[in-house]
Structures are given as structure tokens and as C-alpha cells.
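All heavy atoms count here, side chains included; hydrogens, waters and symmetry mates do not.
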Amino acid sequence: MLGEPGSGKSVLLMRLVLDLLAHRRHGDPVPVLVPLASWDPDRDELDLWLEQRLGIDYPWLGDPGRTGSSKGRELLDAGWIMLVLDGLDEIPDGVRGRAIARINDTLGPRPNLAMVLSSRSAAFATTVRPRSGPEVRVTGAAGVEIEALDLDTVASYLRDSAGGPTNEARWQEVFAALDAGHDPHPLSRLLTTPLMAYLARVAYNPSPDAAEDIACRSGPDGRPRERARGAERDPATDERRALVGHPVELLDRSEFPTPAAIQAHLLDAFIPASYARQRTSPPARTAKPSRSKYRWTRGQATHFLTCLARDLEHRRQGTTDLRWWDLPDAAPRILAGAAVGLVAVPAGVVMPFGAWLGVGMIVGVAVAVAGRRWSPPTGSFNRGLAGGLIGSLLGSAFGLGIRSMLGIESPAGYLVSGLALGLVPGFLGGFRAGLAGGVAASFVGAFVGRPEMGDSAPWVNSVGFAIAAACVVTLGHSRLPARGLRWSPLGILTGLGGGLALGIAVTLQAGLLDGLLSGLVGAVGGSFGAGLEAKPAPATAAADPQTVLDQDRGTFWTTAMAGGLAIGIAASLVIGSILGPWRGALAGVADGVATGLAWGFLQARYGSFTLARCWLALRGQVPWRLMPFLADAHRRGVLRQVGATYQLRHAELQRRLAGRP
């Protein structure tokens with residue numbers, strides 16, 4: 001499907017998908033709309049990239065299927081998905097021909113795989129018939145091209161939406177001049193796409209809220225007031241010209257000599273016109289308060305949307321998907337880790353142990369980070385935690401065995417020291433990385449034992465806690481929003497195993513009663529904290545941005561409280577059984593807060609999003625109330641919503657805001 005920029009290709013594809021779904025019969029393939037902007041044909045085969053993309057957009061399709069492959073790959077191979085690929089022209093020129101070759105390779109062995117592909121006409125023509133190099137075509141494809149609008153249709157559209165006889169007469173004057181012209185005017189060539197007709201309507205068909213602006217800035221006949229000859233153009237005034245002017249100014253060839261000049265003018269006027277000054281009047285006592293209590297000026301909206309467009313164009317390489325869970329990537333990567341690391345400092349200070357605790361943390365984290373190369377983390381942390389638990393047992397046994405071989409006495413407290421360090425490295429990688437890190441950290445704890453507290457111990461331990469927490473949150477944080485919770489059998493078993501090991505260690509050191517109590521609390525709290533994990537949305541879940549954020553926020557705080565209570569209560573009982581209830585309470589609160597926040601950051605995206613939003617707001621790049629701002633922009637028509645994702649009204653608007661041609 002081919003068409004000019006702004007001809008409505010993306011909207012037509014959306015309508016196609018909706019109509020196909022409405023008339024779909026049982027057993028027919030399911031149409032799936034996939035933007036192509038992020039595909040690199042030189043790096044990825046189309047089917048492999050589609051498999052990854054389906055796993056991101058529809059997380060349940062990333063789960064293993066009956067054959068061991070992902071469910072998305074199984075649906076592709078079986079021909080149960082109809083690919084609706086939007087934006088071949090968004091792929092860079094140099095690899096667009098390679099992209100068509102990849103598409104042919106994917107369709108070749110799958111004759112039952114249906115596909116619809118869209119592109120701008122000129123970009124497609126130069127790709128299939130390049131000036132130099134081999135020609136290429138989409139094998140077996142039929143072409144459909146969107147025709148340009150005729151001026152009569154556009155004139156009717158603009159007059160019908162003018163809002164009254166006066167404004168309708170303004171457009172009548174414009175089109176009468178176009179009809180009377182001897183040569184085609186640039187405006188008549190521009191107003192042939194739905195996008196440009198829509199922008200002209202927004203810019204020059206003012207809402208009632210902007211009527212006062214027009215009355216103040218226009219002459220008695222409704223035409224724009226003339227600018228003094230030789231006067232310099234004021235950017236702030238130009239930003240408002242279309243909003244308060246007469247559309248006849250578009251006929252001025254000296255100011256708008258080409259369609260490109262008119263298009264740039266309409267794009268620049270779109271956001272100011274969409275944020276026309278709203279009148280405020282005292283509400284009636286019986287009136288309900290407005291749903292949106294936040295207001296942004298035209299200048300503020302233009303600035304914030306420009307920053308977001310630049311981020312999409314430059315950092316995210318031209319993608320049009322504005323997703324709130326991608327915002328943390330625009331802030332420093334260490335931001336979330338540094339914040340949680342600072343919160344973990346008090347936990348290291350109040351822990352009544354020697355410097356071995358901080359040293360063991362650093363050693364175990366370093367080994368686990370190195371092990372990520374050959375044992376990367378999976379979608380769930382529980383495999384790594386299981387590895388860390390087993391590693392803590394092995395490392396403790398190894399450390400105590402070395403002490404025994406050297407003839408050094410090893411009280412039961414050395415076993416507790418080893419087991420206390422094993423789980424932390426498990427957050428940083430898969431099973432093998434967690435196992436290696438757990439062995440290293442627990443060996444340090446069990447071998448060094450528990451020397452008396454020195455003056456430097458609180459500071460060394462606080463540094464170790466901060467580094468460990470920062471590494472865990474920075475390297476292990478979730479990249480996708482969570483939309484609920486589920487029980488993990490492996491997490492429950494890991495929690496029970498950790499509680500059993502803790503109970504045995506405390507029994508050897510403090511007696512049977514304290515051991516039973518510590519083991520029971522550790523098993524219950526550990527299985528509850530580790531057993532709860534975030535889950536993606538089910539296939540029937542609503543997918544609007546605010547709902548997804550609300551679900552992710554709930555997951556963040558639920559997992560944070562579950563993990564914090566589990567570790568806090570266990571730490572207070574273990575340390576309280578040795579050093580008294582007061583010291584146990586201090587350690588439990590400090591450990592619980594730090595661990596709970598870290599667990600929430602690992603399971604959900606809300607924590608990282610909140611920190612990044614505050615960071616970018618301090619720098620003036622986004623508003624403090626980002627989600628209400630985006631929802632307000634969507635209500636005004638500046639943004640459009642595709643599921644849980646926002647997009648600027650058109651890619652041309654995004655490029656214009658970002659400063660690209």
C-alpha cells in the first residue's frame with residue numbers, strides 16, 4: 001500500500017486491522033499491526049525480529065510454546081498471524097532494498113503467511129528501481145496506491161468545519177482565489193492529503209476559546225493585521241499567526257513560495273492552535289470539577305513536546321512510539337541504582353558485624369557481574385536466587401572447611417555469616433551467575449567469620465551495601481511494565497530453603513527456640529517475598545497508558561512491601577536473638593526499607609520512571625505532571641493513542657519538532 005506523506009496510510013492500516021478483526025471467522029489468521037521503524041535488516045532476519053517484537057508488544061507470546069519455541073514464533077510458522085507492516089520508508093535508504101529481500105526470504109517458505117506492507121510512494125519507487133544496483137520487488141505482491149484528495153473535497157471539509165458563516169466565508173475567499181489562478185498555486189498542491197487538510201483546519205478554524213485572540217489581532221474585515229515593512233519576524237508572534245490569522249495569508253507567494261514552506265508553517269502552527277487560550281469563568285456551585293485540573297501554555301506545551309520528539313528522533317533512532325516505560329532510558333542509567341544505594345547506606349551502618357559483611361557483598365556482586373556474560377539473567381529472578389541460595393550453602397561449607405583444615409576454630413556464627421551473603425548476587429544473573437556469586441560472597445563471610453566490630457566496619461559495610469544495591473537495581477531492573485502478580489513455585493521453594501538454612505544456622509548459634517522462630521519467619525516471609533513476581537498483562541487486558549501505569553505502580557508497592565517485610569522481620573529476629581531486640585529492630589527496619597525498595601525496582605518499572613521523570617523535570621525537559629500532560633495532549637488531538645503507547649499526530653510533526661528536515 002503506497003501513498004504520499006500524510007495521505008493516511010497508518011490510519012488506513014488501523015482501519016484494516018479493525019475491520020478484519022470484526023469479520024474474522026474461527027481459524028482465520030489474526031492481523032497484527034507492526035511498525036517497521038526499529039527493524040535493522042542488516043542485523044536481524046525478519047522472522048527473528050518479529051518474534052522479539054511480538055514478545056515485547058504481547059508479553060505472553062514470548063513464553064515457551066508446545067515445541068519449545070516462543071508462542072509468537074509458533075503462530076508465525078503456522079500462518080496464524082497476518083502481518084500488517086507499517087512504514088517501510090522509515091527504514092534507512094541504504095538498507096531498504098535489503099529489507100525487501102528479507103521480507104521475500106520470510107514469505108518464501110511460508111506460502112500461508114499473509115502480509116500487508118505500507119510505504120511512501122517515492123521511497124518505494126527508488127528502492128525497487130534504484131539508479132545504481134540491482135532491482136528488487138516484493139514477490140507476489142499486488143499494489144494499492146492512495147489517491148490524492150481533490151480540492152472540492154478539501155474545500156467542503158474546511159467550510160463544513162468552520163463553525164459559522166463568517167469563518168466559512170474566509171475559506172470561500174481562499175478557494176475562489178485558487179480557482180481563479182492561471183497557474184497551480186503551492187497551496188492547491190499541498191491540500192491534497194488528509195494531514196495537511198487537518199492541519200489547516202486546526203490552524204485556521206478557531207475554537208470559541210480563541211475567538212478573543214482573533215478579534216484582538218485581526219482587522220475589521222477579519223484579515224490579519226499587516227506587519228510593518230522591513231520589520232523583523234518575531235518567532236513568538238509567528239507561533240501564533242495561524243491561530244489568529246486569516247487563511248488568505250497562505251496565498252502570499254512571497255512568504256510561502258513552495259508547498260514545503262506552507263507545510264512547515266502549518267506544522268509550526270499546529271501545537272499553538274491546539275493549545276488555544278481557554279477562557280476561565282467562575283464555575284457554578286452545582287457544576288462538577290473538571291477532570292483535568294492542570295493547564296499548560298502554548299509555549300510550555302511546544303517546549304515539552306519538542307524535547308520528547310528530539311528524544312524519539314535522536315536517542316531512540318526515529319521510532320514514533322512514546323511509551324512512559326521507556327522514559328528511564330533518557331535519564332542517567334545509574335540514577336535508580338544510586339538512589340537505592342543511598343537508601344541502603346543506613347542498613348550497612350546499623351548492622352552489628354565486622355567489615356567482612358561489606359567486603360563479602362562487594363566480592364559476591366563482582367563475581368556475579370562477571371558471570372552475567374555466560375549466564376545472563378532470565379525473565380524471572382528466581383533462577384538466580386536459587387543459584388545464590390545453593391551457592392551460599394556451598395560457599396559456607398567451603399569456607400568452614402578451609403578453616404577446619406587450617407585448625408582454626410569456627411563457632412556457629414561463622415555459618416550464619418556465610419549464609420547471610422549468598423542471595424544478593426542472585427539478582428544479577430541467571431542460575432550459574434547467582435551460584436558463582438553466592439559461593440564467592442558466602443566463602444568470604446564463612447571464612448572471615450565475625451570479628452569484633454571496629455571503627456571502620458560501619459563505613460565499610462555501608463559502602464558494600466550501597467555498591468551491591470546500586471549494581472542490583474542498575475543491572476537487574478525491569479524494562480517492561482508489570483500488570484499484576486503471580487506466584488512462582490521456584491520462588492516459594494527458594495524462600496522455604498532459605499528459611500530452613502537460616503533456622504539451622506541460628507539453632508546452632510542461639511538455641512533451638514530462636515532457631516525455630518527464625519526459621520519459621522524466614523521461610524514464611526521468604527516464600528511470600530520471593531514467591532510473588534510480576535507478570536505481564538493477559539491477552540484480554542485493557543492497554544491504555546494510564547491503566548498500565550496504575551497496574552505497574554500497584555505491583556511496585558506490593559512487591560516492595562512483601563520483600564521489605566520478609567527481610568525486615570527475618571533480620572530483626574536473627575540479630576535480635578543475638579544482640580537484643582533493640583538492635584534487631586534497628587537492623588530490621590533498615591534492611592527492610594532498602595530490600596523492599598530494591599525488590600520493587602526489580603519487579604516493576606514505576607520506580608525508575610518516577611526518578612527519571614523527576615530528573616528530566618528538574619532539567620526542564622518534561623512537565624512534573626507528565627501523564628496528565630500526555631493525556632491532555634491526547635484529548636487535544638496532538639497525540640494519538642495506539643494501545644498503551646502514545647504517538648505524535650504524525651511522523652512529519654515529530655521530525656519538525658525535533659529539528660530534522
Side-chain angles (χ1 to χ4, degrees), residues 1-22 31-39 41 46 50 53 57 81-93 95-97 99-100 102-103 107 114-129 136-138 140-150 153-154 157 189-202 259-260 263 266-267 270 309 312-313 318-322 637-643 645-657 660-661:
M1 187 183 69
L2 306 176
E4 296 302 316
S7 60
K9 298 182 296 297
S10 296
V11 174
L12 185 56
L13 289 184
M14 295 177 192
R15 293 288 303 272
L16 171 65
V17 169
L18 292 175
D19 289 345
L20 288 174
L21 289 173
V32 178
L33 181 61
V34 183
L36 286 174
S38 60
W39 178 35
L46 178 60
L50 285 170
R53 178 81 193 202
D57 291 344
I81 288 180
M82 176 182 177
L83 298 175
V84 183
L85 306 178
D86 186 20
L88 179 67
D89 54 278
E90 299 293 335
I91 298 174
D93 298 347
V95 296
R96 202 176 294 140
I100 294 180
R102 295 278 196 186
I103 291 173
L107 295 177
M115 185 196 71
V116 176
L117 176 68
S118 77
S119 175
R120 295 184 179 183
S121 302
F124 187 78
T126 56
T127 301
V128 297
R129 291 188 178 89
V136 64
R137 67 176 59 187
V138 183
V144 176
E145 188 164 12
I146 301 177
E147 293 183 351
L149 298 174
D150 59 83
T153 301
V154 176
Y157 166 73
R189 298 200 302 270
L190 182 75
L191 293 179
T192 55
T193 63
L195 175 64
M196 291 298 110
Y198 172 77
L199 293 180
R201 186 203 114 186
V202 172
Q263 174 176 309
L266 293 178
L267 288 172
F270 174 62
L312 292 173
E313 281 292 312
T319 181
T320 56
D321 290 340
L322 178 58
V638 177
L639 298 179
R640 62 184 182 184
Q641 181 184 323
V642 183
T645 300
Y646 284 122
Q647 295 176 341
L648 282 159
R649 186 75 189 190
H650 195 271
E652 293 294 335
L653 175 63
Q654 177 176 308
R655 294 189 182 96
R656 181 68 182 176
L657 288 173
R660 288 192 173 187

A.B. asks: Would you call Leu16 and Pro31 a side-chain contact if the rule is heavy atoms closer than 4.5 Å?
C.D. replies: no
A.B. asks: Quick one: does Ser118's side chain have a donor or acceptor within less than 3.5 Å of a partner on Gly87's backbone?
C.D. replies: yes
A.B. asks: If you apply the rule side-chain contact (heavy atoms from CB on, under 4.5 Å), what do you find for Phe124 with Ile100, and how did you get there?
C.D. replies: CA-CA 10 Å; Phe124 187 78; Ile100 294 180; 4.2 Å; yes
A.B. asks: Does a side-chain heavy-atom distance below 4.5 Å link Leu36 with Leu117?
C.D. replies: yes
A.B. asks: So which atom in Ala197 and which in Val154 form the shortest heavy-atom distance, rounded to 0.1 Å?
C.D. replies: CB-CG1, 4.1 Å
A.B. asks: Just checking, Arg649 and Tyr198: is the charged tip under 6.0 Å from the six-membered ring centre and within 45° of the axis?
C.D. replies: yes
A.B. asks: Would you give the length of the straight line joining atom CZ of Arg640 to atom CE of Met14, rounded to the nearest 0.5 angstrom?
C.D. replies: 4.0 Å
A.B. asks: Under a 3.5 Å distance rule, please check whether Asp89 uses its side chain to pair with a backbone N or O of Arg120 as donor and acceptor.
C.D. replies: yes
A.B. asks: Quick check: do Leu653 and Leu195 have side-chain heavy atoms less than 4.5 Å from each other?
C.D. replies: no
A.B. asks: Compute whether any side-chain donor of one residue and acceptor of the other, for Asp86 and Ser10, lie under 3.5 angstrom apart.
C.D. replies: yes
A.B. asks: Can any side-chain N or O of Thr192 pair as donor or acceptor with the backbone N or O of Leu149 at less than 3.5 Å?
C.D. replies: no
A.B. asks: Does the side chain of Gln263 reach to within under 4.5 Å of the side chain of Thr193, using non-hydrogen atoms?
C.D. replies: no
A.B. asks: Is the shortest heavy-atom distance from the side chain of Tyr157 to the side chain of Leu191 under 4.5 Å?
C.D. replies: no
A.B. asks: Check Ser119 against Leu88 and note the closest heavy-atom contact, atom names and distance.
C.D. replies: CB-CB, 3.8 Å
A.B. asks: Which atoms form the tightest heavy-atom contact between Leu2 and Ser121, and what is the distance?
C.D. replies: CB-OG, 3.6 Å
A.B. asks: Please round to the nearest 0.5 Å and tell me the distance separating atom CZ of Arg129 and atom CZ of Arg137.
C.D. replies: 6.5 Å
A.B. asks: Taking all non-hydrogen atoms of both residues, which atom of Leu190 and which atom of Pro259 are closest, and how far apart?
C.D. replies: CD1-O, 3.6 Å
A.B. asks: Just so I know, are the side chains of Phe270 and Arg656 near enough to count as touching, which here means a heavy-atom distance under 4.5 Å?
C.D. replies: no
A.B. asks: With distance as the sole criterion, is a donor-acceptor pair present between the side chains of Thr320 and Gln654 under 3.5 Å?
C.D. replies: no
A.B. asks: Taking Arg96 for the side chain and Ile91 for the main chain, is one N or O donor matched with an acceptor at less than 3.5 Å?
C.D. replies: yes
A.B. asks: Just wondering, are more than 12 heavy atoms of other shown residues or ligands nearer than 6.0 Å to CZ in Arg15?
C.D. replies: no
A.B. asks: Are any of the side-chain heavy atoms of Leu50 and Ile81 separated by less than 4.5 Å?
C.D. replies: no
A.B. asks: Less than 4.5 Å apart, side chain to side chain, heavy atoms only: is that true for Val17 and Leu13?
C.D. replies: no
A.B. asks: Would you name the heavy atoms of Thr126 and Ala123 that are closest together and state the gap between them?
C.D. replies: OG1-O, 3.0 Å
A.B. asks: Does Val84 form a side-chain contact (heavy atoms from CB on, under 4.5 Å) with Val34? I'd like the steps, not just the answer.
C.D. replies: CA-CA 6 Å; Val84 183; Val34 183; over 6 Å; no
A.B. asks: Could Glu90 and Lys9 be called an ion pair, given the rule that one side-chain N must be under 4.0 Å from one carboxylate O?
C.D. replies: no
A.B. asks: Supply the atom-to-atom distance Thr645 OG1 to Leu322 CG, rounded to the nearest 0.5 angstrom.
C.D. replies: 8.5 Å
